[in-house]
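Written below as structure tokens is the structure these notes are about.
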Amino acid sequence: MLKKIFSVKSLDILMVSFITIALYIALVSAPSEKVMGAVQRIFYFHVASAWIAFFAFFITFVFSILFLIKQDYRFDDIAESSAEIGILFCTIVLITGPIWARPIWGVWWTWDPRLTTTTILWFIYAGYIMLRKFIEEADKRAKFAAAIGIIGFIDVPIVFFSIRWWRTIHPNVVQKGGGGLHPDMLNAMLFAIFAFSLLYLAMMIKRVTIASLNRKIDSLGENHE
Amino acid sequence: MKYLSTVLAIINKDLLHELKSREIVVSMLLFSVLTVVVFSFIFEPGSEFKNEVAGGILWMSFVFAGILGLNKSMMSEITGGNFSALLLAPVDRSAIFFGKAASNFLFITLVEIFTIPLFMVLYNVNIFANGFMPAVIFVLGTYGFSILGTLFSIISVNTRTREVMLPLLLLPVIVPVILASVQALNVYILGHDPADADKWLKLLGSFDIIFTVVVFAVFDFIVED
């Protein structure tokens, strides 16, 4: 037990220091973008959050399938935790995006495929989390949520392609500039992604622990009735 | 063969129930026509602009009325424990699901058959001016809507909020259906090259196939007790 607490603590310390370094790299040491200037620096955490959001929803998808097959509630804990953390990072993506877009594109929002898909994604998992809150029976909650976790994730690429086709019919006024990142910027981005992955891992460990404790409390309550 | 007869038995049951009560189709029909009428207030009567939004208005009225009908149809299954009794029957459970989905599909199609001519008169738009392909769009779109709508209505009636949950879960997931149906319909209403509608029809078809398979795969898992 003591060993477990110690290893969780050391992961936390590691995560906090990596996030701090990532902040330093993103805000200070990474080169300034010539045209966009300082606002471009939001890009590192924006991309890292987007990566974590998609990864988290993928984990929810995988563990929803595993739960339906194995009926092991630990898988449901993981699916639930990952969806919650995923929507947190998805929200960060949707907030940091417009902050960058306003000075660069001149508008807070545009119906670009990536933006629209991320918004739809946010709504799907907001529904997933709401659904969990509104079902009392543990087994129904887990099974129904798993169905949403699976269908929602399969739906995402279809949503993306449909919106991309839609936008090709009505050409986009503002197009994102070509790739070609400066190597220092690429490194800063990769480091931010790595730091955020640690953050995700640390949050997941805590959230899954809470979920399994909650499940224990619920089962204790049932035994007493 | 036994599978098909189960599906037909469920459809038969729902049709009989609907012929007696006339609750679902009549409330859906009134609601969809009302939506069409209310939407007409958003632009000048007789303006040319209306042709571009006609397809969207028509689909929105079906989506909203469909959600109303799905809730109603599933609520009547839940009251009295009818649905649990159906699941106890020694038949393939997915056959029960596809029976429910088929009767929902029939009800919504019936509403469309009445609403579309009325819509064409009220908006002075001939949807079928460029051939009868729009009928295929309605069939494919309604099927995709029914298949996921039926599954999500089973989920949502089991929540504390009941009816509220269905649109929250369903609308983001069926974005591809709405988008593809509206875009394909617009091609025909505006008299563009029918080849433009092909990819949307393919998208609708793929959506239908993918989610038929997915629902078929997960339904057994999520309803077993």
Side-chain angles (χ1 to χ4, degrees), chain A residues 61 64-71 75-76 87 90 111 113 116-170, chain B residues 52 97 144 147-148 151-184 186-187 190 192 196-200 202-211 213-215 217-225:
Chain A
F61 170 68
S64 296
I65 296 175
L66 281 175
F67 170 76
L68 284 186
I69 296 169
K70 304 265 183 205
Q71 303 284 325
F75 293 147
D76 182 52
I87 204 154
C90 200
W111 294 97
T116 315
T117 309
T118 312
T119 315
I120 303 293
L121 197 65
W122 191 92
F123 277 107
I124 292 174
Y125 288 91
Y128 175 94
I129 290 166
M130 268 194 80
L131 179 74
R132 298 196 68 105
K133 303 268 182 246
F134 288 130
I135 304 181
E136 308 287 350
E137 305 96 319
D139 66 319
K140 272 188 183 167
R141 179 170 55 223
K143 281 169 187 164
F144 291 160
I148 306 291
I150 294 167
I151 291 171
F153 193 79
I154 295 173
D155 197 46
V156 172
I158 309 177
V159 171
F160 180 77
F161 281 116
S162 65
I163 295 167
R164 205 171 65 173
W165 281 346
W166 172 48
R167 296 319 295 188
T168 16
I169 288 180
H170 308 263
Chain B
E52 299 195 6
F97 173 81
I147 201 96
L148 282 183
L151 181 71
F152 286 10
S153 70
I154 294 170
I155 292 174
S156 72
V157 292
N158 277 291
T159 62
R160 249 186 294 140
T161 46
R162 295 196 180 245
E163 292 91 340
V164 187
M165 211 58 228
L166 179 60
L168 290 182
L169 291 175
L170 186 59
L171 284 178
V173 176
I174 57 158
V175 162
V177 172
I178 298 175
L179 192 55
S181 303
V182 171
Q183 295 302 324
N186 278 348
V187 170
L190 300 173
H192 293 162
D196 291 347
D198 281 357
K199 62 177 177 183
W200 296 116
K202 277 182 199 150
L203 183 84
L204 274 175
S206 332
F207 186 96
D208 290 355
I209 293 167
I210 290 170
F211 283 105
V213 173
V214 171
V215 170
V218 301
F219 187 73
D220 256 15
F221 289 108
I222 67 163
V223 290
E224 69 186 354
D225 285 312

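In what follows, every chain begins at residue 1, and chains take the letters A, B, ... in the order their sequences are listed.
- The contact between B:Val173 and chain A is made by backbone and side chain atoms together, counting heavy-atom distances below 4.5 Å.
- In this structure, the portion of B:Phe211 lying under 4.5 Å from any heavy atom of chain A is its side chain and not its backbone.
- Using a 4.5 Å cut-off between heavy atoms, A:Ile150 contacts chain B through its side chain alone, with no backbone atom that close.
- In terms of heavy atoms, A:Lys143 sits closest to B:Phe221 at CD-O, 3.6 Å.
- Using a 4.5 Å cut-off between heavy atoms, A:Phe160 does not touch chain B at all.
- At a 4.5 Å heavy-atom cutoff, the contact between B:Ile155 and chain A is made by backbone and side-chain atoms alike.
- Remark: A:Glu137 pairs with A:Ile135, A:Asp139, A:Lys140 by the side chain to side chain contact (heavy atoms under 4.5 Å, CB included) rule, at least two apart or across chains.
- The distance from the CD1 atom of A:Ile154 to the CZ atom of B:Phe207 is 10.5 Å, given to the nearest 0.5 Å.
- Using a 4.5 Å cut-off between heavy atoms, B:Leu170 does not touch chain A at all.
- Scanning all heavy atoms of the two residues, the minimum distance from B:Trp200 to A:Trp166 falls at CH2-N, 3.5 Å.
- For chain A, the nearby part of B:Ile210 is the side chain; its heavy atoms alone come within less than 4.5 Å.
- Separating the CG atom in B:Leu151 from the CD1 atom in A:Ile151 is a distance of 4.5 Å, to the nearest 0.5 Å.
- The CE atom of A:Met130 lies 8.5 Å from the CG atom of B:Leu169; values are rounded to the nearest 0.5 Å.
- Contacts of A:Ile148 with chain B are made by side-chain atoms alone, with heavy-atom separations under 4.5 Å and no backbone atom involved.
- Across B:Pro172 and A:Asp155, no two heavy atoms sit closer than the pair O-OD2, 3.8 Å.
- Interface remark: of the candidates B:Leu168, B:Leu179, B:Val218, B:Leu171, B:Leu179 forms the most heavy-atom pairs closer than 4.5 Å to chain A.
- Rounding to the nearest 0.5 Å places CD1 of B:Ile178 at 10.0 Å from OG of A:Ser162.
- Distance check: B:Ile174 CD1 to A:Ile120 CD1 gives 10.5 Å after rounding to the nearest 0.5 Å.
- Every residue two or more places apart in sequence or in another chain that forms a side chain to side chain contact (heavy atoms under 4.5 Å, CB included) with B:Glu52 is listed here: B:Leu190.
- For the atom pair CG (B:Asn158) and CZ (A:Phe144), the distance works out to 4.0 Å, reported to the nearest 0.5 Å.
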